[in-house]
Amino acid sequence: MKLNKPHIYFWITALVVFINSLFNYDSNNDLDINIHDTYYIIATFHLEVLITIGLSFIGLIYFISSKLKIPLIKLLTIIHTVITIGCFPVYFIGLFYFSLTKPNTNFPLFDDDSNLIAFITVIFIVFILVQIVFILNLIISATKHLISNHKS
């Protein structure tokens, strides 16, 4: 896989997520997170806008590193880009799958979304963990670049 300009991939993904959030806007669609006795309720639209901003920021960092001629480690860049951007199609395919397998019930108190919540949690954890690869890539590459410029 040739990956000369990863910032373009991140900006395109950010644009796709933002356009998706605009077309699928529903004021009643939210994400409920229960941690012990505390409920956190986040509107899905706000979460997707936050993801758009995050992806745009990552793309901006890749763009700045290319303009400053900081050579990033290609393997780590490929791993980060493929897994980060790959989380979104997997997420949307999973949502589609769980919407097909959801039982059609008229009983509002029966909300058996534990498999969906576990799926979203795994995707989110993978997404967060791969950002550590990105940070390590930046730190290692910037340090090598500064040391090589300082010696010459």
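As the structure is a computational prediction, the values presented were derived from the model and not from experiment.
Looking at heavy atoms from C-beta onward, F134 lies out of side-chain contact with T84 at the 4.5 angstrom threshold. For the pair F119/V90, a side-chain contact is recorded, criterion being any heavy-atom separation below 4.5 Å from C-beta on. Between F127 and F88 there is a side-chain heavy-atom pair separated by less than 4.5 Å.
Atom CG of L136 and atom OG of S141 lie 10.0 Å apart (nearest 0.5 Å). Atom CD1 of I41 sits about 13.5 Å away from atom NE2 of H46, to the nearest 0.5 Å. Rounding to the nearest 0.5 angstrom, the gap separating the CG atom in L138 from the OG atom in S65 is 6.5 Å. Going from atom CD1 of I51 over to atom CG of N20 covers 10.5 Å, rounded to the nearest 0.5 Å. Going from atom CD1 of I61 over to atom CD1 of I135 covers 8.5 Å, rounded to the nearest 0.5 Å. Atom CG of L47 is separated from atom CD1 of I42 by 6.0 Å, given to the nearest 0.5 angstrom.
Of the possible polar contacts, one joining the S148 side chain to the H145 backbone as a donor-acceptor pair under 3.5 Å is found.
Residues F45 and I53 share a hydrophobic cluster, clusters being chains of Ile/Leu/Val/Met/Phe/Trp/Tyr side chains in contact below 4.5 Å. Under a hydrophobic-cluster definition in which Ile, Leu, Val, Met, Phe, Trp and Tyr are linked whenever side-chain heavy atoms come within less than 4.5 Å, directly or via other members, L95 and F124 are assigned to the same cluster. Note on I128: it clusters hydrophobically with I85, by side-chain heavy-atom contacts below 4.5 Å among ILVMFWY residues. Cluster membership check: Y9 shares its hydrophobic cluster with I58, using side-chain heavy-atom separations under 4.5 Å among Ile, Leu, Val, Met, Phe, Trp and Tyr. Residues V17 and I93 are members of separate hydrophobic clusters, defined by side-chain heavy-atom contacts under 4.5 angstrom among Ile, Leu, Val, Met, Phe, Trp and Tyr.
The aromatic rings of Y62 and F10 sit parallel, their planes meeting at an angle under 30°, below the 60° perpendicular limit.
Under the side-chain contact (heavy atoms from CB on, under 4.5 Å) criterion, T143 pairs with I139, I147, not counting sequence neighbours.
In terms of heavy-atom proximity, Q131 sits nearest to H80 at OE1-NE2, 2.9 Å. Of all heavy-atom pairs spanning I73 and N137, the tightest one is N-OD1, 3.0 Å. A pairwise comparison of heavy atoms in W11 and L55 identifies CD1-O, 4.5 Å as the closest pair. The minimum heavy-atom distance between V126 and C87, with the atom names listed, is CG1-SG, 4.1 Å.
Among T77, I79, I78, the single residue meeting the side chain to side chain contact (heavy atoms under 4.5 Å, CB included) criterion with T81 is T77.
Other cluster members for I19: L15, F23, joined by side-chain heavy-atom distances under 4.5 Å among Ile, Leu, Val, Met, Phe, Trp and Tyr.
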- Task: Give the C-alpha distance, both sets of side-chain angles, the deciding distance and a yes or no for side chain to side chain contact (heavy atoms under 4.5 Å, CB included) between H7 and L60.
- Result: CA-CA 7 Å; H7 57 276; L60 181 66; over 6 Å; no

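For F92, the CZ atom sits in a packed shell: over 12 heavy atoms of surrounding residues, nucleotides or ligands are nearer than 6.0 Å.
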